[in-house]
Amino acid sequence: TRIEYQGVMNLTNPLDPSAGNFDWPMALTATVERTGPDWALVRSRSVVRMQFPTESEATLTGGAFTLFWIDPRLLAAMRPGAVLDEDPVTRLRTVVAGIEGGAVTIETAGPGVIARAIYDGATGRLTSIVSKTPSSGTTYRLALR
């Protein structure tokens with residue numbers, strides 16, 4: 001299975017916002033390479049089309065909960081405000097930020113980063129994500145293509 005996302009990488013100088021605001025097209029492809037009864041191996045590749053295009057690749061393994069998919073049964077059991085994870089080392093906290101129109105929004109926030117991911121409650125598929133790192137002035141916005 002192959003899932004494709006398109007969007008924008010935005011960069012604003014956090015020390016001098018008047019220096020400009022730059023948008024570059026971005027694409028991310030996630031490919032499920034192998035699955036088992038309760039896990040999936042996913043390879044992702046992202047490309048940001050700036051003056052000198054940048055590419056990155058990652059391999060992820062997950063069970064009923066991955067960045068790109070959450071088991072719809074788990075999504076159906078979620079309630080707004082529920083804390084899904086708190087990491088005492090990174091101080092990242094993941095919560096169910098909201099449920100509306102069959103979509104579940106999950107937010108992860110901590111020192112220097114905030115990400116909001118929206119999942120389709122029926123299929124479990126990630127439909128969009130916005131990730132901000134204020135200290136670097138970087139924001140990623142991606143949506144299912």
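Quantities reported herein were computed from a predicted structural model and do not represent experimental measurements.
In this structure a side-chain-to-backbone donor-acceptor pair under 3.5 Å is missing from Y140 to G7.
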_Test side chain to side chain donor-acceptor pair (under 3.5 Å) applied to R2 and T31, step by step_ = CA-CA 4 Å; R2 183 178 163 130; T31 306; 5.0 Å; no
_Test side-chain contact (heavy atoms from CB on, under 4.5 Å) applied to I114 and E107, step by step_ = CA-CA 7 Å; I114 185 166; E107 182 176 283; 3.9 Å; yes
_Residues L144, R125; criterion side-chain contact (heavy atoms from CB on, under 4.5 Å); working and verdict_ = CA-CA 9 Å; L144 186 63; R125 187 177 284 185; 3.7 Å; yes
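In terms of hydrophobic clustering, with Ile, Leu, Val, Met, Phe, Trp and Tyr side chains grouped at heavy-atom distances under 4.5 Å, M50 and V8 are assigned to different clusters. Cluster membership check: V95 does not share its hydrophobic cluster with V113, using side-chain heavy-atom separations under 4.5 Å among Ile, Leu, Val, Met, Phe, Trp and Tyr. There is a path of hydrophobic side-chain contacts, each under 4.5 Å, that joins L11 to V48.
Here the OG-CD distance, from S46 to E57, works out to 8.5 Å after rounding to the nearest 0.5 Å. Distance CG/N21 to OG1/T12: 3.5 Å, rounded to 0.5 Å. A distance of 13.0 Å separates CZ in F68 from OG1 in T1, rounded to the nearest 0.5 Å. Of the inter-residue distances, the one linking N13 atom CG with S18 atom OG reads 8.0 Å to the nearest 0.5 angstrom.
Annotation for P134 and P14: closest pair O-CB, 3.4 Å, computed over non-hydrogen atoms. Taking each heavy atom of Q51 and W24 in turn, the nearest pair found is N-NE1, 4.3 Å. The two residues R43 and T59 make their nearest non-hydrogen contact at NH1-OG1, 2.8 Å. The two atoms that bring A40 and V32 nearest to each other are CB-CG1, 4.5 Å, heavy atoms only. The minimum heavy-atom distance between G121 and P72, with the atom names listed, is O-CB, 3.5 Å. Between L75 and Y119, the shortest heavy-atom distance links the atoms CD1-CB, 4.0 Å.
Contact of the M78 side chain with the L84 side chain is registered, since non-hydrogen atoms from C-beta on lie closer than 4.5 Å. Looking only at side-chain heavy atoms (C-beta outward), I106 and I70 come within less than 4.5 Å of each other. Within the 4.5 Å cutoff, the side chain of M26 has heavy atoms near those of the L142 side chain. Side-chain contact between L126 and I118: absent, with no pair of heavy atoms (C-beta onward) separated by less than 4.5 Å. A heavy-atom distance below 4.5 Å is found between the side chains of R45 and E55. Contact of the I129 side chain with the R116 side chain is not registered, since no non-hydrogen atoms from C-beta on lie closer than 4.5 Å. Within the 4.5 Å cutoff, no side-chain heavy atoms of R49 are placed close to those of M9. Using a 4.5 Å heavy-atom cutoff, the side chains of W69 and I3 are not in contact.
Under the side chain to side chain contact (heavy atoms under 4.5 Å, CB included) test applied with V104, the options T127, I99, D120 reduce to a single match, I99. Results of the side-chain hydrogen bond (donor to acceptor under 3.5 Å, both in side chains) test with N10 over T138, T139, D23 single out D23 as the only residue that passes.
Looking only at atom types and distance, the side chain of S135 has no donor-acceptor partner in the side chain of T133 under 3.5 Å away.
Residue-environment remark: CD (E100) stays at or below the threshold of 12 foreign heavy atoms within 6.0 Å.
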